[in-house]
Amino acid sequence: MNPVATAIVAISGELTSALRLDEVTTFRALLEPTDEKYGDLSFPAIRYTKDVKGLAEDLRKFLSSKGLNYVSVEQVQGFLNFRFMCPGLASATIAWLQSDGNLDVIKAEKVSTVVVEHTSANPIHPLHIGHTRNACIGDSLVRLLRARGHRVISRYYVDDMGRQMAIVALGVRLLGGDLDSIITKTNRKPDYVIGWIYAVTSTTVDLMAAKAKGDQDEASKLASALVRLKSQDPIGVFDQLYNSILSLNDPEKAISEINSRYESGLEPERSFVRSIANAVLRGFTQSLNRLGVSFDEWDWESDLVWKGLVKAIVDEIKASRFYTKHKGADAIDVPMIIKEVLINDPEAMKSIQLPRGLEIPPLVVLRSDGTSLYTTRDLAYSLYKFSTSGADRVINVIGADQRLPQLQLRLALLGLGHRKEAINMFHYDYEAVRLPTGSMHGRRGEYVTLDETLETAKARALEEVRSRNPQVDSRWAEEVAEKVAVGAVRFAMVQVSASKPLVFDLSKALNLKENSGPYLQYTRVRALGILEKHGPIDYGAANPEACSEQLRSLMLSALRFPLVAAKAADDLAPELLASYLLSLADRFNNWYEKDAVIREQDVGARELKAIVVALVEQALRRGLELLGVPTPDRM
RNA sequence: GGGCCCGUAGCCCAGCCAGGAUCAGGGCGCCAGCCUGCGGAGCUGGAGGUCCCGGGUUCAAGUCCCGGCGGGCCCGCCA
């Protein structure tokens, strides 16, 4: 560990035992940002002891006994202020670097196996920016937890069952059923073609229902959506599709028949529906690869059903004392689980966090026609995720609109005796992404897709890259523009906390100025430029005495990286790392304007500065990698 | 009707869970400056705020509690 991390960990440990606190409390207090005039770390000791002066004295003795002579302790009012002092800090840093020091994220003391399920978009239309937020958050969590030393398995839940999937299948079938030829007729990605078919089919079916109900308002809205969809026709088959649907006597029946035959695993639906889902997933994989997101496992919902896992859980429910009928359908009595199990289990209460006064209805597990519901299958899937991965913890990155079903799920697991799973399954919820123009409607084909977003971002970045590098060949410019585009999108998606709705304004995300992914990429390129010009660093020649105040604080910031990343991982808070990186970059750019490395005449000072630049570069590079932001060497 | 989330300068947001010390911050946009010399996607300075409102707890509240207000989401044999 580097000198700063070592000292912070040591101080935290000492305060923990001296004041009999838990380690998390002290560690967090020490990582809180402080006003620089008070020092580099501060601890509100008055909260825990009357004898602040004595505590300060103890810490001084402790630090000197550990050889941490570069840290000073000052007592001001009720606070202990720590300061890393420069010649000492610089020498310790140089020594540490000479023995192969690097900025690895501090490893967790207790390594665990964690499943992160994320993205899991239904295979019926292209990925849009809502899924993009999910993918960026999920993948950043995966990277952070891995860096922290955990064993992490990323999983994608392919939701290929249910009504929506049956609707697409109906649409494709009405177009003749030859999916490959439909797709090859266009040069669009398969997810776009299928997304369009889905939107037309679903909207037409809804239009028929609205007309049947006599709902004129709704019908005219749907009709105008269809006009738009017709104008977006990628294969010239709108009329054929639209008319075939209208000619159906009972589209609902056709849909539920496909659904039920697919659930039973009957041909031809079994192969047909799969082939559609697979085509869409090919499109997804392409888009996700661009973003740098990949998965360890793709879990098919249909497999869970066909393997009998869903039936097994239904049998379990039927045999359970919490089995009930709700409006005539098989259900699980969630209110009774709360009353009889949850409130007698403090640990489960703490983990599940039931909102007070919330009335939760029983959870229906089977439709009257015997087919399963989404939550039923998810119940089976939850157990599957734990058992196949040997997971200690499962994190589900799912939109906040699914809070209630996720809560019901955990309660159902608890009631069925799967207590460990219920307690260790965590719904990482994030708020929706909205457009400045309003909400998106997948069923109407109204969305801004990930691909479009990346393309627009890339085009914008390309202009910038070309204007800065007029001589460069276009292939290189394209590669860099791609990295900038991906960096802009990924950073924009994680820098805002997940609990805030994100209004996605394309032109704002593409603003390549401060507080953006490209700003960080650019800052790192500057640092790298200095290092390349400077050449290999001569650690032995570096002079610790040449450490100015600005250089000291820059070095300190970079050396904090392993702890900040560890905290971001523990708190599942990528935005913490994002704001740290921005402040590190700001600090570096400030210093950069005022001081010089290559032109520094004094060798000792020059080598020390180069060392700090190298540390900043490393912290930025590693930090960006954890957020999935590419790190071009030139741009 | 009930539950949850959000409400900080014209705009976007950090800080709130784990209350502290000029704590009211950062960015965008705007205004005024800095381009022979490590890349200006940068830097310096300026204007701009009842931290939604009202109570309460505390030596101390943007942060905790209660009550409102505004916006979003959820309360389906959809996913």
Side-chain angles (χ1 to χ4, degrees), chain A residues 22 24-26 28-29 32-35 37-38 42 44 46-47 76-79 81 120 122 124 159 161-165 301 326-331 354-361 364-375 377-378 399-405 407 429 431-432 434 439 442-443 461 464-465 467-469 484 495-497 499-503 505 508 511-516 518-523 525-534 571 575-576 578-579 582-583 585-586 588-600 609-610 613 634-635:
Chain A
D22 71 302
V24 181
T25 307
T26 46
R28 278 179 175 154
E32 288 295 312
T34 334
D35 191 316
K37 74 162 132 320
Y38 295 122
S42 76
I46 190 72
R47 239 190 262 175
V76 183
Q77 296 174 35
F79 292 80
N81 294 332
S120 300
N122 296 352
I124 48 171
D159 197 353
M161 285 205 143
R163 205 182 122 80
Q164 297 186 327
M165 200 66 220
E301 195 175 23
H326 183 64
K327 297 181 184 169
D330 291 319
L354 190 71
R356 287 172 301 176
L358 173 63
E359 286 193 32
I360 299 179
V364 172
V365 293
L366 286 182
R367 294 192 182 90
S368 311
D369 68 0
T371 56
S372 60
L373 286 146
Y374 173 75
T375 325
R377 288 173 244 133
D378 207 2
D401 53 347
Q402 295 199 42
R403 274 189 192 125
L404 181 63
L407 190 61
D429 56 346
E431 285 291 337
R434 269 191 291 281
S439 309
R443 290 196 296 174
E464 189 77 25
V465 173
S467 76
R468 284 158 193 284
N469 308 274
V484 171
Q495 73 167 331
V496 176
S497 9
S499 63
K500 299 231 185 194
L502 188 79
V503 176
D505 187 333
K508 273 188 185 163
N511 186 338
L512 306 182
K513 301 208 171 175
E514 286 184 51
N515 258 5
S516 73
Y519 168 67
L520 295 174
Q521 292 173 317
Y522 176 73
T523 303
V525 167
R526 285 179 131 184
L528 208 57
I530 296 174
L531 294 172
E532 276 174 15
K533 286 219 169 72
H534 177 274
D571 289 359
E575 70 274 14
L576 219 63
S579 59
L582 286 173
S583 92
D586 288 347
F588 175 76
N589 282 319
N590 273 316
W591 170 78
Y592 176 97
E593 292 294 322
K594 295 179 192 138
D595 208 344
V597 179
I598 310 298
R599 283 177 282 117
E600 171 63 62
K609 289 178 189 176
V613 174
R634 294 173 187 285
M635 58 192 278

Of all heavy-atom pairs between [X] and [Y], which one has the smallest distance, and what is that distance?
X	Y	value
N81(A)	S42(A)	OD1-CB, 3.2 Å
V364(A)	A329(A)	CG1-CB, 3.8 Å
S497(A)	E575(A)	CB-OE2, 3.9 Å
P518(A)	V484(A)	CG-CG1, 3.8 Å
Q495(A)	N515(A)	NE2-O, 3.5 Å
E301(A)	M161(A)	OE1-N, 3.3 Å

Contacts of N81(A) and P501(A) projected onto RNA chain B by closest heavy atom; the upstream (5') one is P501(A)

5'-most contact on RNA chain B (nearest-nucleotide basis), P518(A) vs D571(A), goes to D571(A)

Starting at [atom1] of [X] and ending at [atom2] of [N], how long is that distance when rounded to a whole Å?
X	N	atom1	atom2	answer
I360(A)	G3(B)	CD1	C1'	9 Å
R599(A)	U36(B)	CZ	C1'	12 Å
R403(A)	G72(B)	CZ	P	16 Å
L576(A)	C13(B)	CG	C1'	15 Å

*asked:* It should be established whether K500(A) places a side-chain nitrogen or oxygen under 4.0 Å from OP1 or OP2 of nucleotide A14(B).
replied: yes

For R434(A) and G72(B), is the shortest distance between a side-chain N/O and OP1 or OP2 below 4.0 Å?
no

Item to complete: Say whether, by atom type as modelled, one donor and one acceptor occur between the side chain of R367(A) and the main chain of S372(A) under 3.5 angstrom.
Response: yes

Any strand: nucleotide that pairs with [N] via Watson-Crick or wobble, under 3.5 Å:
N	result
C78(B)	none
C64(B)	G56(B)
C73(B)	G3(B)
A32(B)	U44(B)

C31(B) glycosidic conformation (syn if within 90° of 0, otherwise anti) is anti

Using the [atom1] atom on both, measure [N] against [M] and round to a whole Å.
N	M	atom1	value
G27(B)	G42(B)	P	11 Å
A47(B)	A32(B)	P	15 Å
A24(B)	C52(B)	P	16 Å
G62(B)	C16(B)	C1'	7 Å
A61(B)	G19(B)	C1'	6 Å
G7(B)	A14(B)	P	7 Å
C4(B)	U50(B)	P	31 Å
C64(B)	G15(B)	C1'	15 Å

R526(A) charged N/C atom sitting above F588(A) aromatic ring, 6.0 Å / 45°: no

Is there a donor on the side chain of S497(A) or the base of A14(B) sitting less than 3.5 Å from an acceptor on the other? no

Listed pairs, N/O of protein and of nucleotides 76-79 of chain B, under 3.5 Å:
from	atom 1	to	atom 2	distance (Å)
C77(B)	O2	S368(A)	N	2.4
C77(B)	O2	S368(A)	OG	2.8
C77(B)	N3	S368(A)	OG	2.2
C77(B)	N4	K327(A)	O	2.8
C77(B)	N4	S368(A)	OG	3.4
C78(B)	OP2	R367(A)	NE	2.4
C78(B)	OP2	R367(A)	NH2	2.9
C78(B)	O3'	R367(A)	NH2	3.3
A79(B)	OP1	R367(A)	NH2	2.7
A79(B)	OP1	R377(A)	NH2	3.2
A79(B)	OP2	Y374(A)	N	3.0
A79(B)	O3'	D159(A)	OD1	2.9
A79(B)	O3'	D159(A)	OD2	2.3
A79(B)	O2'	N122(A)	ND2	2.7
A79(B)	O2'	D159(A)	OD2	3.4

Just to be sure I understand the rule, does [X] reach a base, reach only the sugar-phosphate, or reach nothing, if contact means heavy atoms closer than 4.0 Å?
X	answer
E464(A)	base
I598(A)	base
I46(A)	base

Between protein and nucleotides 43-48 of chain B, what N or O pairs are separated by less than 3.5 Å?
from	atom 1	to	atom 2	distance (Å)
C43(B)	OP2	E514(A)	OE2	2.5
C43(B)	O3'	N590(A)	OD1	2.8
U44(B)	OP1	N590(A)	OD1	2.3

Regarding the side chain of L404(A), the nearest nucleotide among A14(B), C5(B), C74(B) is C74(B)

